[in-house]
Amino acid sequence: SQTIHQWPATLVQPVGSPLSLECTVEGTSNPNLYWYRQAAGRGLQLLFYSVGIGQISSEVPQNLSASRPQDRQFILSSKKLLLSDSGFYLCAWVGGLAGYSTDTQYFGPGTRLTVL
Amino acid sequence: AQSVAQPEDQVNVAEGNPLTVKCTYSVSGNPYLFWYVQYPNRGLQFLLKYITGDNLVKGSYGFEAEFNKSQTSFHLKKPSALVSDSALYFCAVLPSGGYNKLIFGAGTRLAVHP
């Protein structure tokens, strides 16, 4: 069964529109959470990470922001999308859960965002 | 600066032949080392990791990786490739320290031909 969920799976948005992507994790408490962007099916860029509710660290200054309103929920947002925001957005978690290591990041299924 | 290098953009292998995907790293201390696989339009799947101990680590789907401290390498291997192994492979390093922030290589695309 899926432990980490992302939605939507795909999204097509016009330039200048707002964005909200959601990531939730099941079955664990106080996980570290991460947002990555993957452009052109290649390398991963760490965007944000969070070690707890309301605690967000930004890795790259940009048009995006992140929030963690609940322990197992991580949201990626933008007020106005740019063409360069297109990509594959991945959420990942690290935490304690039976069958999962506490030193390994586990990734969600991703959201494909196309900005037109 | 800390970095991970995957020197090959693509590796081509015939089905049934052994495969190697290379990874070298430049990180101080004793980092943890990981391999992930990504199929098209999917998230990354954890394959295996090295923390300490035996230099040969076995993981999912018949993959293994060999840690070489002197060469700071962590090459991914499989004795007999399958067409279904075709995917994008990422090497990653977790430096000593907090927050589990991984450093990823750029990825290597593996193409296994029938």
Side-chain angles (χ1 to χ4, degrees), chain A residues 2-11 21 23 25 28 30-52 55-60 87-97 99-114, chain B residues 1-11 21 23 27 29-53 57 59-60 65 74 86-111:
Chain A
Q2 189 76 284
T3 304
I4 177 169
H5 304 270
Q6 291 186 243
W7 60 87
T10 60
L11 191 60
L21 303 182
C23 170
V25 181
T28 185
N30 198 31
N32 287 358
L33 296 172
Y34 306 81
W35 276 114
Y36 291 88
R37 177 167 59 202
Q38 185 178 30
R42 232 16 205 229
L44 294 166
Q45 180 185 35
L46 178 62
L47 301 175
F48 302 95
Y49 69 92
S50 172
V51 299
Q55 301 180 62
I56 308 295
S57 294
S58 174
E59 291 294 297
V60 183
F88 194 48
Y89 289 82
L90 291 160
C91 181
W93 70 279
V94 176
L97 182 63
Y100 294 86
S101 297
T102 55
D103 53 21
T104 300
Q105 286 191 23
Y106 298 96
F107 285 78
T111 294
R112 172 77 58 193
L113 172 66
T114 303
Chain B
Q2 302 181 111
S3 63
V4 177
Q6 294 182 241
E8 302 150 317
D9 283 346
Q10 179 153 332
V11 171
V21 182
C23 172
V27 175
N30 296 307
Y32 294 2
L33 305 167
F34 299 82
W35 276 101
Y36 288 85
V37 60
Q38 185 182 32
Y39 297 98
N41 294 310
R42 300 287 185 92
L44 274 66
Q45 293 180 32
F46 167 69
L47 274 181
L48 51 80
K49 66 183 175 186
Y50 174 84
I51 296 177
T52 187
V57 179
S60 306
F74 189 53
S86 299
L88 185 58
Y89 290 81
F90 289 98
C91 180
V93 172
L94 180 63
S96 304
Y99 306 133
N100 296 90
K101 287 172 58 178
L102 286 171
I103 301 172
F104 280 92
T108 297
R109 196 166 298 282
L110 174 66

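Since we're looking at a predicted model, the values are computed, not measured. We name chains A, B, ... by the order of the sequence lines, and we start the count at 1 in each one.
In this structure, Tyr34(A) OH and Lys101(B) NZ are separated by 9.0 Å, a value rounded to the nearest 0.5 Å. Between Tyr36(A) atom OH and Leu44(B) atom CG the span is 9.0 Å, to the nearest 0.5 Å. Taking CD1 of Ile51(B) as the start and CG of Asp103(A) as the end, the distance is 4.0 Å to the nearest 0.5 Å.
One N or O on the side chain of Tyr36(B) and one on the backbone of Gln105(A) form a donor-acceptor pair closer than 3.5 Å.
Applying the 6.0 Å contact sphere to OH of Tyr32(B) captures no more than 12 heavy atoms from other residues, nucleotides or ligands.
When each of Pro40(B), Gly107(B), Gly105(B), Gly43(B) is scored by its heavy-atom pairs under 4.5 Å with chain A, the top score falls to Gly43(B). For chain B, the option among Thr102(A), Leu46(A), Leu44(A), Thr10(A) with the highest count of heavy-atom pairs below 4.5 Å is Leu44(A).
Within the 4.5 Å cutoff, the side chain of Gln38(A) has no heavy atoms near those of the Phe104(B) side chain.
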